[in-house]
Amino acid sequence: MDIFADIRKIVVGGLTEIARPDALRFDPDRISIERPRDPSHGEIATNAAIMAAKSMNRKPRDLAERVAEALLLDDRIDRAETAGPGFINLTLKREAWMAVIPSILASGANYGRSYMGSGRRVCVEFVSANPTGPLHVGHARGAIFGDALSRLLEFAGYCVTREYYVNDGGAQVDTLARSAHLRYLEANGKAVEFDPNAYKGEYLAELGRTLADEHGDRFVDAPESDWIDLFREASIVAMMALIRRDLASLGIVMDEYFSEKSLYGSGRIEEAIETLRERNLVYEGVLEQPKGKIVEDWEPRRQTLFRSTANGDDVDRPIRKSDGSWTYFAPDIAYHYDKVRRGFDELINVFGSDHSGYTKRMRAAVSALSDGGMAFDIKLIQLVRVMEDGRVAKMSKRAGEFVELREALEAVGSDVARFVMLTRKNDAPLDFDFAAVKEKSKDNPVFYVQYAHARICSVLRKAEREGIDVSDQSLASADLSYLNHALEVEFVRRMAEWPRMVEAAANSHEPHRIAYYLQNLASDLHGLWAKGNETASLRFLQRGEIATSMAKLALIRCAAIAIANGLDILGVTPIQEMRS
RNA sequence: GGCCCCGUAGCUCAGCAGGAUAGAGCGACCGCCUCCUAAGCGGUAGGCCACAGGUUCGAAUCCUGUCGGGGCCGCCA
């Protein structure tokens, strides 16, 4: 049940009725159905008359009057008043709000689930970190965001594929292989010198020892060509194992790992480029030197270029280097061509914000490959600033000085990490402060929300001990006429917003909205709870008055359901009690 | 030089596909536990929504420009 969706139907219905015979000529989705800030504007306000007036060539206020009259015919609506330039302010009957409670109890874990996506297939590509080491805290944000977005979309009725693009084809994995070889030499008792480009993380030392165990000293004096392939393969396998382990510790399971390397030599890159060529989007040419940026060894080079400017990019982009090999962009094009051909209805890429300069050409490519038919969204994830002991921790992967995800999770746990990473919009920077995040107080949003859930569970447990049947089925039959305090009705209104909140968040690809909603919901619960300290009639358990208690228990049980469903979207486990 | 993101309370940030008097947390100040978990709650103070135009019945939100912060800009991914 979604009361806002119901009201929308009624409003649009009323409008259509009045509009006859000159049928309604505007998009009904453009009208707003929302809760006004100012309580004197009713409980739900709509701008429907203002929006429709123009296309119907009527005065907004007159139209509003007519619509308001029509709305009053619905038995859920108590008052419909027109105001301002033509708003219609609605007040619902108390029973209409209260009807939300049994509806939530009946839906349970499905409360808020939407059919908005109607089964459309979405590919969410995220993490896609180079396989050169374990994940660090910065990667974690993209990982958590991507997974939460996936969960959100699933809850909203989409069919989601979680996908990781493994960059196992470029020069970086050769550097990785050489770094592993150095560690291998080390394990064979050789003194080694690391060049500045090498990866120096401890995790490669372990791999070096393993390789020394397996191959002895065979590759100590051998030329690089003898071992590079073997070491590359071994390194990638080992690094991907670390990455999978890290993802698993966050509760993330990918549906697909797509290997960049698998594209080489298979003809698929050539095929994708050929597709672009057929559309006259590929040519041989020379790029101009970028202005304002000094490139020391610049000289004009003839390259194969993608005409990305035809689809909104600022300059055309090279897909084949002057030496004839592919640039990194070429396999990316092939990869996205593959996505297009797999039949997804929508693509979402989660990139680090350092890839912002890459988005235009990517959009241009997808647009060209799908003839403009593919919905394609790129979410940029801002960096995470890790704060430790009040200072900013440095992050450099090659030097091996970064806060590994694993360390962070050992300190704070997956639930906390996930929630905290989702308390900011994806394109806003985020401070991850170890001290603040571990704190168990209202200053920590994770515990604040968890505490609300635990408190409800606590009351339900107590009620049960006192012999009340607190099953959802039993609570659904509670006499809700006992809930007549303004705060209680307000609480129900908040919970009634959950389904539209899910749709709005899913629609805008913004899981942080769920986190904010949960904090508000938790705040309502704590507020109501504390009011019970001064006003005895607001306490959830009323001694000796089963019927009253049942009504209040039904109310808070609904809140627990909404919180649990929200946390589930974020991938956070709701806890039953705080004491430990 | 160009492109992308950002600019909202002292600090950190929300602001719901433009809506009617701009919100939360922290920090500051003042209050609330013989009572379901005070790991909590209430109140006070604090804003020309960077600036200037434009579109609109209506703009923090959309468009243009300026200023300020960050990121990126051929043969690295």
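Chain letters run A, B, ... following the sequence lines, proteins first and then strands; every chain starts at 1.
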Query raised in the report: Is atom CD of A:Glu288 surrounded by more than 12 heavy atoms (other residues, nucleotides or ligands) closer than 6.0 Å?
Result: no

For residues 493-504 of chain A, which side-chain N or O atoms pair as donor and acceptor with protein atoms under 3.5 Å away, sequence neighbours left out?
residue  : atom : partner  : partner atom : Å
A:Arg493 : NE   : A:Glu43  : OE2          : 3.1
A:Arg493 : NH1  : A:Glu490 : OE1          : 2.4
A:Arg493 : NH2  : A:Glu43  : OE2          : 2.6
A:Arg494 : NE   : A:Asp524 : OD2          : 2.6
A:Arg494 : NH2  : A:Asp524 : OD1          : 3.3
A:Arg494 : NH2  : A:Asp524 : OD2          : 3.4
A:Glu497 : OE1  : A:Arg35  : NH1          : 3.2
A:Trp498 : NE1  : A:Tyr111 : O            : 2.9
A:Arg500 : NH2  : A:Ile33  : O            : 2.6
A:Glu503 : OE2  : A:Ser114 : OG           : 2.8

Query raised in the report: In whole Å, what separates the P atom of B:rC11 from that of B:rC4?
Result: 29 Å

List in numerical order all residues of [range] for which some heavy atom is under 4.0 Å away from an atom belonging to RNA chain B.
{"range": "residues 507-517 of chain A", "result": "A:Asn507, A:His512, A:Arg513, A:Tyr516"}
{"range": "residues 444-453 of chain A", "result": "A:Tyr448, A:Tyr451"}
{"range": "residues 306-320 of chain A", "result": "A:Asp314, A:Pro318"}
{"range": "residues 354-367 of chain A", "result": "A:Asp354, A:His355, A:Ser356, A:Gly357, A:Lys360"}

**Report entry** B:rC75 phosphate, OP1 or OP2, under 4.0 Å from A:Trp326 side-chain N/O
**Finding:** no

Close N or O pairs between protein and nucleotides 6-12 of chain B (under 3.5 Å):
residue : atom : partner  : partner atom : Å
B:rU12  : O2'  : A:Arg424 : NH1          : 3.0

Indicate, with a heavy-atom threshold strictly under 4.0 Å, whether [X] touches base, sugar-phosphate, or nothing.
{"X": "A:Glu503", "answer": "nothing"}
{"X": "A:Ser353", "answer": "sugar-phosphate"}
{"X": "A:Glu534", "answer": "nothing"}
{"X": "A:Asn533", "answer": "base"}
{"X": "A:His526", "answer": "sugar-phosphate"}

Query raised in the report: Could A:Asp62 and A:Arg58 be called an ion pair, given the rule that one side-chain N must be under 4.0 Å from one carboxylate O?
Result: no

If you restrict it to nitrogen or oxygen atoms, what contacts under 3.5 Å exist between nucleotides 54-57 of chain B and the protein, and what is each distance?
none

Query raised in the report: Just by distance, with hydrogens left out, do A:Gln382 and A:Asp427 show a side-chain donor and acceptor under 3.5 Å apart?
Result: no

Query - A:Asn89 (side chain) and B:rA20 (base): donor-acceptor pair under 3.5 Å - result: yes

Query raised in the report: Can you find an N or O donor on one side and an acceptor on the other, under 3.5 Å apart, linking the side chain of A:Arg301 with the base of B:rC75?
Result: yes

Requested in this report: Quick one, give me the B/S/- string for nucleotides 60-68 of chain B, reading 5' to 3', where B means a protein heavy atom under 4.0 Å from the base and S means that only happens at the primed atoms, P, OP1 or OP2.
Outcome: ---------

Report task. Carefully, step by step, assess A:Lys339 and A:Glu125 under the rule salt bridge (charged side-chain N to carboxylate O under 4.0 Å, His left out). Result -> CA-CA 10 Å; A:Lys339 285 188 194 173; A:Glu125 182 205 327; 2.8 Å; yes

Report summary line: Applying side chain to side chain contact (heavy atoms under 4.5 Å, CB included) to A:Ser537 and not counting sequence neighbours gives A:Thr535

Query raised in the report: Rounded to the Å, how far apart are A:Ile575 CD1 and B:rA39 C1'?
Result: 10 Å

Report summary line: The nucleotide from B:rC36, B:rA14, B:rU37 with an atom nearest the side chain of A:Glu577 is B:rU37

Query raised in the report: Taking for each residue the nucleotide of RNA chain B bearing the nearest heavy atom, is the 5' side occupied by A:Lys321 or by A:Asn47?
Result: A:Asn47

Report summary line: Dot-bracket for RNA chain B, 5' to 3', Watson-Crick and G-U pairs with both distances under 3.5 Å, [ ] for crossing pairs, | for partner on another strand, reads (((((((..((((.....[...)))).(((((.......))))).....(((((..]....))))))))))))....

Query - Non-neighbouring partners of A:Asp431 that pass salt bridge (charged side-chain N to carboxylate O under 4.0 Å, His left out), sequence neighbours left out - result: A:Arg385

Sub-3.5 Å pairs of nitrogen or oxygen atoms, protein against nucleotides 24-28 of chain B:
residue : atom : partner  : partner atom : Å
B:rC26  : OP1  : A:Lys442 : NZ           : 2.6
B:rC26  : OP1  : A:Asp443 : OD1          : 3.3

